[in-house]
Student: 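I have a structure here, written as structure tokens, and I will follow up with some questions on it.
We count ligands from 1, going down the list as the structure has it; atoms in each ligand are counted the same way. Side chains are part of it too, since the values below use all heavy atoms of this structure and drop only hydrogens, waters and symmetry mates.
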Amino acid sequence: MKKIYVFDTTLRDGEQSPGVNLNTQEKVEIALQLEKLRVDRIEAGFPAASPGDLAAVRAVADAVKNASVIGLSRSREQDIDAAREALKDAQDPCLHLFLATSPIHRKYKLRMEKHEVLETAEAAIRYAKKYFSKVEFSPEDAARTELDFLCEVTEMAIRAGATVVNIPDTVGYMTPAQFGNIFKTLREKVPGIETIQLSAHCHDDLGMATANALAAIENGAEQIEGTINGIGERAGNTAIEEVALALETRQDYYQAKTSLVLNEIYRTSRLVSKLTGMVVPGNKAIVGANAFAHESGIHQDGMLKEKTTYEIISPETIGLKESKLVLGKHSGRHAFREKLIDLGYELNEEQLNTAFSKFKDLADKKKDVSDEDIRALIEEKLVTIPETYVLNTIQVSYGNQSVPTATVRIDTIEGEVLEEAALGNGSVDAIYKAIDKATGEEVELGDYAIKSVTQGKDALGEVYVVLQQDDISVQGRGVSTDILEASAKAYIDAINRLIDKRKTPGSGRRDKMSLI
Ligand code: KIV
Ligand code: ZN
């Protein structure tokens with residue numbers, strides 16, 4: 001069985017998803033979960049993009065012990081120096097250098113001739129090799145680069161000391177047969193190709209990122225790059241969980257395997273969704289809510305007779321356990337603790353106390369508390385940011401013939417109680433105006449999404465908001481059995497994150513377009 005290395009770029013290309021902005025603590029939290037998932041390599045960010053990015057990469061490099069930590073860098077000495085600074089304490093550092101090679105990028109973006117591209121990349125790789133034993137080089141937009149020139153670039157990168165050459169389909173333009181052919185050609189034509197690893201980096205603009213990554217593997221790629229849930233620039237990147245499960249389920253065909261601990265996939269997907277605010281569509285392969293749901297009578301009948309009639313992957317494989325232990329308001333601490341262990345959460349005594357009291361509050365409102373409810377409760381406070389404001393009470397008056405009014409009471413970290421009322425175009429608008437008045441923050445609501453965590457009328461509702469203030473963008477999340485309360489909590493969570501972000505030097509939203 002051939003080993004396929006997994007290079008996770010959730011924290012870099014994934015974070016380039018519009019509206020996503022992870023703080024350092026959130027990046028570390030995700031990186032530690034990626035370590036549990038046993039990805040081989042973690043691209044933690046782009047240190048030269050901003051001081052905030054540099055600090056985040058450094059924090060990830062300090063925290064991660066069992067995966068290589070990577071920083072992205074343009075082919076410039078200043079970028080490489082920023083990455084050196086960020087990765088200086090990493091256990092197993094690697095630099096990821098890139099420079100565009102396609103005719104479109106050469107002509108319009110770089111304004112460089114082929115020889116200048118070769119010289120610039122070579123000088124950067126040679127400079128990087130003075131400080132890093134592991135250097136990955138990516139000819140950006142490789143997929144639209146003349147194949148002969150791509151062979152020349154790859155040969156140069158090997159000569160200059162690159163240890164991995166990554167082939168990006170930057171704009172998601174390839175078909176699987178074409179992309180596979182690039183790898184076949186590089187393997188056949190480039191001298192020294194056997195001394196380095198070839199890697200595939202796909203984007204999903206035409207919905208072919210997973211198929212293209214698999215075609216690359218079939219034709220000699222030893223590493224795939226991707227993100228959890230397939231998040232990333234535009235339509236996103238290859239979804240790591242899809243490639244891993246395709247290799248696992250079709251071992252007979254691919255004869256290749258990753259080292260991922262597959263039963264950590266679901267938890268990783270949830271964490272990334274929660275911290276990025278990017279909701280996983282119900283029909284998403286592997287991790288969508290419907291991936292293991294069977295609706296039609298014929299399918300249900302088949303499943304009851306023999307699961308393999310309609311299920312090619314068991315939910316347990318990705319860590320989805322259907323629990324026999326249903327918790328309710330009579331359940332005690334012991335059962336609750338057992339349930340958390342079963343779901344894979346390790347909480348300290350203080351966290352357990354908070355979670356247990358939240359569980360009791362919920363059990364008073366809901367007869368049966370499901371695994372999903374518990375996950376939502378625990379994950380709500382998994383990453384702690386200083387809570388400048390905490391929602392105390394909320395009162396909303398709504399009628400279809402009257403103007404909605406909301407009154408909010410908010411506790412401050414200094415022990416004050418702020419109370420304000422406001423009218424709005426709808427109940428949520430009235431709540432948000434009241435919170436704005438109480439906190440004195442001037443923010444713009446960039447996005448608002450609501451989803452139900454479980455089923456039934458008493459389901460927990462989860463609200464995500466994106467707030468914008470000047471050049472800072474933050475997400476917030478709130479969970480409650482009441483969607484208005486969840487909306488208020490999400491908004492206050494985002495305001496707390498905004499205040500936290502303003503305190504971090506260089507935390508302003510970087511110009512994502514300038515990355516590439
Ligand atoms: O898509 C792309 O080309 C990239 C490179 C920086 C590898 O993300
Ligand atoms: Zn990319």
Student: Minimum heavy-atom separation for A244 and L260, please, with both atom names.
Tutor: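 Here A244 and L260 meet closest at CB-CD1, 3.7 Å.
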Student: Would you call the rings of Y432 and Y491 parallel, tilted or perpendicular, taking 30° and 60° as the class edges?
Tutor: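 Taking Y491 first and then Y432, their aromatic rings lie parallel (interplane angle under 30°).
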Student: Going by the atom numbers of ligand 1, which of them fall below 4.0 Å from some non-hydrogen atom of H203?
Tutor: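 Those atoms are 1 (O).
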Student: So which of K257, R187, K2 actually passes salt bridge (charged side-chain N to carboxylate O under 4.0 Å, His left out) with E222?
Tutor: R187
Student: Identify whether the distance between the nearest side-chain nitrogen and carboxylate oxygen of K88 and E85 falls below 4.0 Å.
Tutor: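 Here K88 pairs with E85 in a salt bridge, since their nearest N and O are under 4.0 Å apart.
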Student: In ligand 1, which numbered atoms sit nearer than 4.0 Å to a non-hydrogen atom of D13?
Tutor: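 Counting atoms of ligand 1 from 1, those under 4.0 Å from D13 are 8 (O).
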Student: Going by the atom numbers of ligand 1, which of them fall below 4.0 Å from some non-hydrogen atom of H96?
Tutor: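 The list of qualifying atoms is 7 (C).
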Student: For H201, which part has a heavy atom under 4.0 Å from ligand 1: side chain, backbone, both, or neither?
Tutor: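 Just the side chain.
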Student: Would you please test H203 and Y173 for ring pair (Phe, Tyr, Trp, His ring centres under 6.0 Å) and show each step?
Tutor: CA-CA 8 Å; H203 280 268; Y173 183 70; over 10 Å; no
Student: In D13, the N, O or S atom nearest to the Zn ion (ligand 2) is which?
Tutor: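 This turns out to be OD2.
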Student: Any salt bridge between D40 and K3, counting N to O under 4.0 Å?
Tutor: yes
Student: Can you give the angle H203 NE2 - the Zn ion (ligand 2) - H201 NE2, rounded to 10°?
Tutor: 100°
Student: Just let me know how R12 lines up against ligand 1, side chain, backbone, both or neither, with a heavy-atom cut-off below 4.0 Å.
Tutor: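 The side chain, only.
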Student: With heavy-atom distances below 4.0 Å as the criterion, list the atoms of ligand 1 near S138.
Tutor: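 Heavy-atom distances to S138 below 4.0 Å select 7 (C).
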